[in-house]
Amino acid sequence: MRTRSWWWVVAAAGSVMGCGGGLEAGDSGTQPAVAEVQARIQSAWGTREVKQVLPPGRIPGTRLDKEPRPDLLTDVAGTLYFVVQEEDQRIALWKSDGTDAGTVVVKAFPPTNALLGGLRITGMTPLGSRLFFHLFEPALGWELWVSDGTAEGTRPVADLAAGPADSNLYGFTQLNGALSFFRHAPYGQGFTQLWRSDGTAAGTVLLQDFGRVTGTFGEVLPASGLRVFFTEDFEETVRLWRTDGTAAGTVQLKDFGIPGLYTGTVLWTQRVGDSLLFVLRDAVDGTRLWRTDGTVAGTRMLKRLDASADVGMGIPQLVDGTVVFTLTDAGPSLEVWKTDGTEAGTQRMDAFGRDGRLLGVVNSFAAVLTLTDDNRYLKLWRLPLSGGPKEGVTVLSNPYADDPKAMPGLRNAVTVEGRIYFAQTLGARVQPPRDVELWVTDGTASGTRRLSSGLTRPDVFHSPLIALDSGGLLFSAKGNVWVTDGTVQGTHAVDSLTANKTPAEASAFTRVGGQVFFRALPGAPGFSLWAVPDSLIQ
């Protein structure tokens, strides 16, 4: 199979110390006028520390990646839930209304000596006003739990694997008023299974045992109340299923007759309206685009995209019912496709004789980034969705172009009201980049500009880009939280409303109601929970 290209920088939530950068274009380096700062504070818009989450008596100062921190931030009916785990694996479930007094521990769990390799809680999934999650407790092993926000109401749902044996649960999602999830049963007790739960032991029931150990994933089609999913058996075949959350309503839609691959036969899925588009690949039939509406008659192939199964595919982009996606085959050569979910409406828009990545769709154009021939710069292209050839827009600057180890790449991107914001990395493939810059484009040369440098450099701790309801963008750079309206003049650090504290290395941005919560370092060892209003006041 093809190896990952220079584009695919794995980005996981987290944070580390240390990043910096010089002055931005148009920035004199002087501080805002006192009147301007006072006006912002009086408007009550800015970042603020909600609560320090270090356990009582805890002395901070261990390795930064071992410090307790807010994790798995989750919106449950307008209340934020999160977990904080210590180095000895003691863990606590918290909730917050955005105030210090309203940020409290729901339930704490004592330490364990089990070798877990990560958090003791996973799969946090809201269902109405309750929170379901997967928790390890020594007496029960990994099992399903539920919380109503009180200590007494935080309890195991059912001990599916009796005693300390583990239930390997995953794929949690809401479906028709209940929780839908998968389970890998312990050896000798079944195989991969589909379950549902209403939060009670009696209401936690097995819907289907698939008879083999298989990979499973899929999406919910809300209008029809169906969860459409695949079983990908590495030794047998790939099958498509649907469920409405009942045993009778769990049926197989199609057996594709192709074996699963450890690298993935199902390349991606994309919900369009009340249908699901998906791409399959195999050595006989190549790479094909399919569509299903959750019925046997409505499951059909739209088009073969490539004769080979040895292809890479980027994340699809959905805009006004049209899906734009990329395919990279041997060469490498990037192809840009679009589909409206019909055979006639599935078309290859254009191709590049090199590797690249779809940046997004803006103002009726697909925006694509490729490397220049000398591998020193990124070039921006656009392709009209209505048809026509690709057009080179501009070449992005690279202040380290003379350094062969500072090859540019793309880390992440987000589209906000007619603009695409994206982070350009400047560095080697293995080591942290020399710098990470924030750029914006509207698909034109004049509308493409560099907004900031100094975004978080290590690849595993990416700088989040989060859209605000007002059309602005929130991001983390230079030891603070920043905001931009897409202009250099409108790109600045956000004032902190908490005296003598600034949120460094902010990450895990999560929108809850009218606030965006995140975790950050408040200028001293140890992480805090922070918040900023989901609005843009310059």
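Side-chain atoms are counted along with the backbone in the values below, which use heavy atoms only and exclude waters and symmetry mates.
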So, [X] versus [Y]: side-chain donor-acceptor pair below 3.5 Å or not?
| X | Y | result |
| --- | --- | --- |
| Asn480 | Thr502 | no |
| Thr269 | Glu219 | yes |
| Thr250 | Gln208 | no |
| Thr498 | Arg48 | no |

Taking [Y]'s backbone N and O only, do any of them form a donor-acceptor pair with [X]'s side chain (distance below 3.5 Å, no angle check)?
| X | Y | result |
| --- | --- | --- |
| Glu437 | Arg450 | no |
| Thr99 | Asp97 | no |
| Asp485 | Gly472 | no |
| Gln89 | Pro110 | no |
| Lys95 | Tyr81 | no |
| Ser129 | Ala77 | no |
| Asp209 | Gln193 | no |
| Asp442 | Gly418 | no |
| Trp45 | Ser535 | yes |
| Arg242 | Gly294 | yes |

Requested in this report: Carefully, step by step, assess Thr125 and Thr173 under the rule side-chain contact (heavy atoms from CB on, under 4.5 Å).
Outcome: CA-CA 7 Å; Thr125 305; Thr173 191; 5.7 Å; no
side-chain hydrogen bond (donor to acceptor under 3.5 Å, both in side chains) against [X], all qualifying residues, sequence neighbours excluded:
| X | value |
| --- | --- |
| Ser167 | Glu143, Arg183 |
| Arg511 | Asp534 |
| Asn168 | none |

With heavy-atom distances below 4.5 Å as the criterion, would you say the side chains of [X] and [Y] are in contact?
| X | Y | answer |
| --- | --- | --- |
| Ile121 | Leu72 | yes |
| Thr122 | Trp142 | yes |
| Thr292 | Val228 | yes |
| Leu175 | Val220 | yes |
| Leu468 | Leu473 | no |
| Leu451 | Trp439 | no |
| Ser197 | Leu144 | yes |
| Asn412 | Phe422 | no |

Query raised in the report: Can you name the residues that form a ring pair (Phe, Tyr, Trp, His ring centres under 6.0 Å) with Tyr170, not counting sequence neighbours?
Result: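 Phe182, His184.
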Report task. Could you give me the CA-CA distance, side-chain angles and deciding distance for Thr103 and Val53, then say whether side-chain contact (heavy atoms from CB on, under 4.5 Å) is met? Result -> CA-CA 9 Å; Thr103 303; Val53 298; 5.7 Å; no
Please report the shortest heavy-atom distance between [X] and [Y], naming the atom on each side.
| X | Y | value |
| --- | --- | --- |
| Ala92 | Val105 | CB-CG1, 4.0 Å |
| Thr154 | Leu93 | CG2-CD2, 4.4 Å |
| Val481 | Ala506 | CG2-CB, 3.6 Å |
| Arg357 | Arg411 | NH1-O, 4.0 Å |
| Ala477 | Ser452 | CB-OG, 4.2 Å |
| Asp75 | Val512 | OD1-CG1, 3.6 Å |

Inter-residue atom distance [X].[atom1] - [Y].[atom2], 0.5 Å rounding:
| X | Y | atom1 | atom2 | result |
| --- | --- | --- | --- | --- |
| Met124 | Leu131 | CE | CG | 5.0 Å |
| Thr47 | Phe518 | OG1 | CZ | 5.5 Å |
| Phe133 | Leu119 | CZ | CG | 12.5 Å |
| Leu426 | Leu378 | CG | CG | 8.0 Å |
| Leu80 | Phe517 | CG | CZ | 5.0 Å |
| Leu207 | Ser180 | CG | OG | 7.0 Å |

Query raised in the report: Is the centre of the Trp482 ring less than 6.0 Å from the centre of the His492 ring?
Result: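 No, the ring centres sit 6.0 Å or more apart.
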Query raised in the report: Less than 6.0 Å separating the ring centroids of Phe181 and Phe172?
Result: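 For Phe181 and Phe172, the ring centres are under 6.0 Å apart.
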Query raised in the report: Going through the checks in order, is the side-chain contact (heavy atoms from CB on, under 4.5 Å) test met by Trp195 and Thr204?
Result: CA-CA 7 Å; Trp195 287 71; Thr204 302; 3.9 Å; yes
Query - From CA spacing to verdict: side-chain contact (heavy atoms from CB on, under 4.5 Å), Phe210, Trp241 - result: CA-CA 11 Å; Phe210 298 106; Trp241 300 74; 3.6 Å; yes
Report task. Verify the neighbour count for atom CG of Asp320: are there more than 12 heavy atoms of other residues, nucleotides or ligands below 6.0 Å? Result ->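 No.
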Requested in this report: May I have all residue pairs that pass salt bridge (charged side-chain N to carboxylate O under 4.0 Å, His left out) and include part of residues 118-141, sequence neighbours excluded?
Outcome: Arg120-Glu137
Query raised in the report: Ion pair present between Asp71 and Arg519, side-chain N to carboxylate O less than 4.0 angstrom?
Result: yes
Requested in this report: Name all pairs fulfilling the ring-ring contact (aromatic ring centres under 6.0 Å, His included) condition that reach into residues 94-125, sequence neighbours left out, sorted by first residue then second.
Outcome: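 Found Phe82-Trp94, Phe109-Trp145.
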